[in-house]
Protein chains: 2
Amino acid sequence: MDAKHPVRTTEKTLALVEELMEKGPCGVTELASDLQMGKSAVHNHLTTLQKHGYVLKDGDDYRVGLKFLEVGGHSRKSMEVYQIAEPEVKSLAADTGELANLLVEEQGMGVYLMRAKGDDAVDLDTYAGLRTNLHTTALGKAILANLPESRVDEIIERHGLEQKTPKSIGTRQELFEVLEAVRERGYAIDDGERLEGLRCIAAPIKSSSGEVLGAISVSAPASRVSDEDLHGALPERVLSAANVVELNINY
Amino acid sequence: MDAKHPVRTTEKTLALVEELMEKGPCGVTELASDLQMGKSAVHNHLTTLQKHGYVLKDGDDYRVGLKFLEVGGHSRKSMEVYQIAEPEVKSLAADTGELANLLVEEQGMGVYLMRAKGDDAVDLDTYAGLRTNLHTTALGKAILANLPESRVDEIIERHGLEQKTPKSIGTRQELFEVLEAVRERGYAIDDGERLEGLRCIAAPIKSSSGEVLGAISVSAPASRVSDEDLHGALPERVLSAANVVELNINY
DNA sequence: AATAAGTGTTCTGGTCGGGAGAACGGGGGG
DNA sequence: CCCCCCGTTCTCCCGACCAGAACACTTATT
């Protein structure tokens, strides 16, 4: 489903925003050379974005503005799965003392909708809105395990199976074996695949018709998660949270 | 500082996104008639936005995607005042049991960066990213009170003094009197101006050079805030939270 | 001080692409 | 079965995007 008649001007604007996001605040000339555009074009785009609040000027540098947060925040707020799961994720974090997360799938990528920190939680560099490859996290695996096989293949084709660490899943074969195990267990595990020493347990949120709406997880340092915990009390607590959300969504 | 050579194509894209945000998911024809554009133009813009994750297609309807949350979330995460104030706002909410907020000023408007709910917190329809006129909230008044008079006048000229409720501040004169009182007290109050029965106390966060970086607040139903609390224990707790943030920002 | 080299901003014209309008395809209701 | 309305595709013309040059500053260097 590609754009047959892409609006090139809009694509330039978006490229500008994303470049500005990655590099942080910077000036017109630098952006122009990075994106191979003329200075005047960059300037026109930036002032247009500024006029509408999407970009701000700090002295001579430009940076992305909070208008994106308004649009994105509104979008998130209007998602049923967020509204219902939010309190559950918070209490999951409070009960376990660890870091709890909520992820949804969008265009084959995982998007963190929120994170809640318990009293002892590790501080990962995730944030609301962050995108990640589904096959690299427990959250993503919990979602993939509940998508039709054809859909999973589409996602592999579109985004590949990038290996973040040596432990990452690297082949289609390996992925499908892991997903089968997830389906049997009912929850997904990440034991140091994403980050050495970090253990993660995730459970899917499914609608009454069986469609996956997202996934909930808890992340904790391996030092606080014994091997028994990894397949005992912790998954149970995560599954129970996911279950409460499912019940509330399906009335 | 208006755009001298606005990129009209980009403005159409942005208008499309904002219309889509306000109306929620809807189809090409409806958007086209709302924005007085041709169907093909709308379609081209939407597919372009979709290609980059800013818009999604649900059946025949389009809706805004979470890419905005990624950009906005990244922008928020990179703000020093957010990084430092976030834990303080959370503990403010936990201590008081009420709703705590963090607001910053951008282009003359207030933008909520976050909200944290205590155990008894009321559930307002604010969300991270929401924009509000500064003169209508305690948070905004705490900020305005610490901006140069000329800046306040610019903001009045740009955004007016819209009256949300009959109690709202309606004239420049009235606003400046209120701001003077805020400066003397050190904190701002909203006693039912924004919402009948809601009381709100806000304190500014200032850098060592005296510049306002944002404001912190607590919102609670009037039934739980006695008149003594309104000028006693509660402001003290809010001021202390703001103070901790100031100390951490200024090292 | 005067110069040079960097910046962001403005201006203009040519040319490339955005978008109106018409045509297509397909799904749903009378 | 037909009709109406939807999203999508197509084509061609006119308008707008943007390269490049000129301008107005600030800052570093001589």
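We name chains A, B, ... by the order of the sequence lines, and we start the count at 1 in each one.
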Chemist: Quick one: are B/Tyr82 and B/Leu102 in side-chain contact, heavy atoms under 4.5 Å?
Modeler: yes
Chemist: Ion pair present between A/Lys23 and A/Glu30, side-chain N to carboxylate O less than 4.0 angstrom?
Modeler: yes
Chemist: Produce the list of close N/O pairs, under 3.5 Å, pairing protein atoms with atoms of nucleotides 24-27 of chain D; give distances to one decimal.
Modeler:
none

Chemist: Could you work out, with ring-ring contact (aromatic ring centres under 6.0 Å, His included) as the rule, every residue matching A/His5, not counting sequence neighbours?
Modeler: none
Chemist: Of all residues at least two apart in sequence or in a different chain, which pass the ring-ring contact (aromatic ring centres under 6.0 Å, His included) check with A/Phe68?
Modeler: A/Tyr54, B/Phe68
Chemist: Could you tell me whether the phosphate oxygens of D/dG7, OP1 or OP2, come under 4.0 Å of any side-chain nitrogen or oxygen in B/His43?
Modeler: no
Chemist: Looking at A/Arg172 and A/Glu149, does any basic side-chain N land under 4.0 Å from a carboxylate oxygen?
Modeler: yes
Chemist: Would A/Arg183 and A/Glu180 count as a salt bridge (charged side-chain N to carboxylate O under 4.0 Å, His left out) if you check the C-alpha gap in whole Å, the side-chain angles of each, and the deciding distance to 0.1 Å?
Modeler: CA-CA 5 Å; A/Arg183 275 188 292 271; A/Glu180 181 55 33; 3.1 Å; yes
Chemist: If you compare every side-chain N and O of B/Tyr62 against the phosphate oxygens of D/dT8 (OP1, OP2), does one of them come in below 4.0 Å?
Modeler: yes
Chemist: For DNA chain C, which residues in residues 24-35 of chain A have a heavy atom at a distance below 4.0 Å?
Modeler: A/Gly27, A/Val28, A/Thr29
Chemist: Go ahead and write out DNA chain D as dot-bracket, 5' to 3': ( ) for pairs within the strand, [ ] for ones crossing earlier pairs, | when the partner sits on another strand, dots for unpaired; Watson-Crick or G-U wobble, both distances under 3.5 Å.
Modeler: |.|||.||||||||||||||||||||||||
Chemist: Give me the atom names and distance for the closest heavy-atom approach of B/Ala138 to B/Ala188.
Modeler: O-CB, 3.3 Å
Chemist: Would you say A/Lys4 reaches D/dT11's phosphate, i.e. side-chain N/O to OP1/OP2 under 4.0 Å?
Modeler: no
Chemist: Scan nucleotides 16-21 of chain D against the protein and return all N/O pairs shorter than 3.5 Å with their distances rounded to 0.1 Å.
Modeler:
| unit_1 | atom_1 | unit_2 | atom_2 | d |
| --- | --- | --- | --- | --- |
| D/dC17 | OP1 | B/Arg8 | N | 2.9 |
| D/dC17 | OP1 | B/Thr9 | N | 2.8 |
| D/dC17 | OP1 | B/Thr9 | OG1 | 2.9 |
| D/dC17 | OP2 | B/Pro6 | O | 3.3 |
| D/dC17 | OP2 | B/Arg8 | N | 3.2 |
| D/dC18 | OP1 | A/Lys12 | NZ | 2.8 |
| D/dC18 | OP2 | A/His45 | NE2 | 2.6 |
| D/dA19 | OP2 | A/Gly38 | N | 2.6 |
| D/dA19 | N7 | A/Ser40 | OG | 2.8 |
| D/dA19 | N6 | A/Ser40 | OG | 3.4 |
| D/dG20 | O6 | A/Ser40 | OG | 3.0 |

